[in-house]
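Read through the structure below, which is laid out as structure tokens, and then see the notes.
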Amino acid sequence: MSGARVGVVTFPGTLDDQDAARAVRLAGAEAVPLWHADHDLKGVDAVFLPGGFSYGDYLRCGAISRFAPLMEELIPAARAGLPVLGTCNGFQILCEAHLLPGALTRNAGLHYVCRDQKLRFENVDTPWTSDYAPGQEVVIPVKHGEGRFVANETTITGLEANGQVVLRYVGNPNGSLNDIAGIRNEAGNVIGLMPHPEHAVEELTGAPGTDGLGFFTSIMKALVNA
Amino acid sequence: MARVIVDVMLKPEILDPQGQAIARALPRLGFAGVSAVRQGKRFEVDLEGPADDAALAEVRKMAETLLANPVIEDFTLRVAE
Amino acid sequence: MARVIVDVMLKPEILDPQGQAIARALPRLGFAGVSAVRQGKRFEVDLEGPADDAALAEVRKMAETLLANPVIEDFTLRVAE
Amino acid sequence: MTLDTVGRAHETPDERQPYTELGMKDDEYARVREILGRRPTSSELAIYSVMWSEHCSYKSSKVHLRQFSTKAPKSDALLVGMGENAGVVDIGDGWAATFKIESHNHPSYVEPHQGAATGVGGIVRDIMSMGARPIAVMDSLRFGAADAPDTRRVLPGVVEGISSYGNCLGLPNIGGEVAFDPCYIGNPLVNALCVGLLRKDKIKLATAPGPGNKVVLFGALTGPDGIGGASVLASATFEEESQAKRPSVQVGDPFMEKLLIECCLELFEADVVVGIQDLGAAGVSCATTELAAKGTGGMDVRLDLVPLRDPTLRPEEILMSESQERMMAVVTPDDIDAFTAICNKWDIPVTVIGEVTDTGRLVMTWHGETIVDIPPGTAADEGPVYERPLHEPAGQSALNAADPAMLPRPSDLRAALLSVLGSPNIASKEWVTSQYDRYVRGNTVLAQPADAGVLRIGEIMPGATTTNRGIALATDGNGRYAKLDPYAGAQLALAEAYRNVAMTGAVPLAVTNCLNFGSPEDPEVMWQFAEATRGLADACRALGVPVTGGNVSFYNQTGSAAVHPTPVVGVLGVLDDVGTRVRSGFTEEGARVVLLGETHEEFGGSAWAQVAHDHLGGLPPAADLPAEQALAKVMAAAASRGLLTGAHDLSDGGLAVALAEACLAQGVGCTVSLPGDDAFVDLFSESSARALAAVKPEAFAEFVELCHKHDVACYGLGVTGGASLVVEDVLEIPVDELRQTHQATLPAIFG
Ligand SMILES: Nc1ncnc2c1ncn2[C@@H]1O[C@H](COP(=O)(O)OP(=O)(O)O)[C@@H](O)[C@H]1O
Ligand SMILES: [Mg+2]
């Protein structure tokens, strides 16, 4: 057994933490629960910020969570290179914390949407995506009411030019600019995506197929080879 | 072209979970001295013509039927300077 | 006890689907003469003390860091009469 | 303002009290005076009026609901039966499931979003109060005609309310129904179901034993929610002119409820709860009287300690407040600190408001003065019981005589299929279900579009004994059938839910129900109610599945026009190995398509009669319960032996719709021929106890033998494959065209 330890954060109102921990384990790593109110990253090698409605998504999704004591530890660690993946509410928190550019806003259709979403990988140059290939198409569920990625023009141009767009929707569910479903920071260690890979890791449950498992096997390999 | 502002707030006796969650979070974020927060909606309605009485009556009707939910919300209306 | 109002609106260049949906619905509901609608948020922040300069500075910081997201939103702040 | 104390009640025996305004009858009020030996205080009146209301006391339905117990089939699975917050069923390997369905019809008409949201919140707390972790929700919805303007207000609001509340709780939505009929225009039916999981030896009950134990209120603060009635009371009693406006609408806070769920689970895990009760319709009144009545018999409560959102609330209003997201627990003095610490961790307000006693009295004080002193059982259990008069509705025989056999039949069956498939009742409900999170918690094996929702239970709780089991749930109801014959209609609702569960390979175990009817004071409605309960009780006995609980919703009517009698039935079943579950529809090419069950010419209340002729008349299909049971046995055996690649039951729209839906499931077409000699009857009749099975070709002989063994008629219709639905010599429709027709309807109406 490897020593790869992936932290899974729980805020009040986090919902997909159990799923994320299961996915981490299925990939062969250890899932370490991290609690929002602790100033303690427990020495993990990577962090997964799961989806949900932290603080009820009141005010703006992720707006209150980003001030949590745990975030005070996580923000500098991420800046220093700790691999961090945020999905859905986790992505929103990463944007609110300015670890990723842009913001996630109300879906253009004004409805919450849960569906099995076709996606295309654009850039796989991150510790969370090395098991995928550029151009590869996968199906992974989305489920959100506020997933429309927006940023000013310079930011978008920069993201595209630097290869920071990781995932694009094939059939845009929410009106995101440039069909953007997931991005990474410049260094490549912090990624945010609206889709939920942790819901596509087993044949029996969740979305059809196991297309999401690659995120977890990728980080596992990255940590073991590190 | 005139702009009318419609402010919509939950009636005072109705629970405002959003406002409460914000108010509860503030001390933890280092903000002291706030006793309550309520969150509502603000609409900017741009008119094609001037904000005369007829137009304001129209916006009022719009607020009553569409912008606010009279079962749980109150609204106020004013012309932007 | 004073009340400070913080109005938060999406920056003009950011798409506002809620405002647009309302504007589109208006003609169907028989309202004419509206050229655009934008929807934002309004916060009523009740202070324990008076709305003096120190308190207002505090609320401004709160608005900048918490109530509004500067990436997509602008805010204004005023003391309620 | 004068406080109406027990002392004052003694001194002013003749003071007029506004019991009529609170919905109490003269004799009910007289009975309260008799119980107490004096006039009630206004607080006591508040308690009795809510506890003896139809909603809380079941005074009109009780005599009929008894049949669910007296006729109950013997069942080893039933751990807790009717009468508790929710029934509990043994699902094996040390695990138990608890489930219940409840209505929030009227609030959802007044304020669709909040009404539906708080409906979900309420049923989830019911499940929590059994000591369970809520693991999924379902919603059964009925609206007026799809294109009616008010439906465009009500439906999107209701769906958004369920979506925002349920999604925020992190409970997957695994199924439900959406139906339309003009009869529901002023009375939508919003029924929400929740299912929870617990260890068999950890069931919690609403009880307050042990004098000296503390009574704890935790969760949201109490505000002036849903207490229109109480303001009447306070102002009428005290000539108070300007009572603040009290909203009858309650607003829910799903975030608080999510914290409450996690908090309760930690409390149960730490074993610091003696008894627990959710605060539902009658708030503190209900929780205190019921806990006290089921415990040692007495309780002292300091009502002024109840933490308030609005400090101006009067005691009567606190007693009647329906503020959401609150729970009450009984805790030993030794455990209070541990209990409080867990609440604090989850940011949940917690307050000790009283103590259990053995006095046999529920005594409440307000700043030291006694305002309530009653025997709690008289409020909780000894409410009035009515045998309401009933008789068959005047038009019933004319309705039954209007046989659909006389309706002109279509010459173009292809067009007939498409028009039924695209009609709002049959059309895809994806516009609704795509707003619900069906994946959260990672245990959803089947959800829409499936005949039943299926959950894996092995990974749900920490410390779970390893198990491969799963549970399946379905809800069904058909107001059109029940209008034609409420006895049969209730049986058909049960039969359909039972059949839907059986389609997954699960063995149906237990039943919950929500009975939505008009006014019980109308003898014709009461007849419908009596017939439906009798039908349901008889059918539960025949199928061997006990009723574990449910809910009655009366007064669903506008003026004198009642909704169709609408019993909605939920069935829970168990799969020993969830890995063997059968998926819905055709999932692979090359499977043999088999029709199970007998088709007769039955068009009363059918989808075709409605869509083609806007007709409701005749008699509903016969409910053949032994045949349903045999069908379920075949499915369970076939699933566990792995003979099937898919299945789908036949219901509204008959074989035609079932074939189309089976093709749509995964985009796999089929080529079939019809067994009978009247293609129209074969395709559109709605005979019950029928299903489609997609059988692995190599298992065909074994499957046929299985059917023979259980005496289930089976017809090989053809094979799956291709990109079209082909009914030889009758019609051919590309799956893409089916999809287009099926999916376009609701988005075209609701945007
Ligand atoms: N209100 C709802 N909430 C959740 N799921 C729903 C709802 N309405 C329909 N569904 C799901 O959509 C699918 C199709 O519904 P329906 O055609 O009514 O099924 P059936 O005829 O088998 O009862 C089923 O999986 C059902 O559970
Ligand atoms: Mg079905």
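Basis for what follows: all heavy atoms, side chains included, without hydrogens, waters or symmetry-related copies. So that the names make sense, note that chain A is the first sequence line, chain B the second, and so on, each numbered from 1.
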**OP:** Can you check whether anything in residues 19-49 of chain B gets within less than 4.5 Å of chain D, heavy-atom wise, and list it by number?
**Re:** Q20(B), R24(B)

**OP:** For the pair S108(D) (side chain) and V190(D) (backbone), establish whether a donor and an acceptor sit closer than 3.5 Å, ignoring hydrogens and angles.
**Re:** no

Original post:
If you measure only the distance, is there a donor-acceptor pair under 3.5 Å linking the side chains of T222(D) and R326(D)?
Top reply: yes

Subject >> Partner set under ring pair (Phe, Tyr, Trp, His ring centres under 6.0 Å) for W366(D), not counting sequence neighbours >> reply: none

Original post:
Does a donor on one side chain and an acceptor on the other come within less than 3.5 Å for S42(D) and E316(D)?
Top reply: yes

**OP:** Classify the side-chain pair D139(D)/Y436(D) by whether it contains a donor and acceptor separated by less than 3.5 Å.
**Re:** yes

Original post:
Hey, does the Lys NZ or Arg CZ of R60(B) hover above the aromatic six-ring of F75(B), less than 6.0 Å from the centre and inside 45° of the axis?
Top reply: no

**OP:** To the nearest 0.5 angstrom, please state how far the CG atom of D147(D) sits from the CD1 atom of I749(D).
**Re:** 5.5 Å

Original post:
Of the backbone (N, CA, C, O) and the side chain (C-beta and beyond), which part of D16(B) lies under 4.5 Å from a heavy atom of chain D, both, or neither?
Top reply: neither

Subject >> Contact class of L15(B) relative to chain D, heavy atoms under 4.5 angstrom >> reply: both

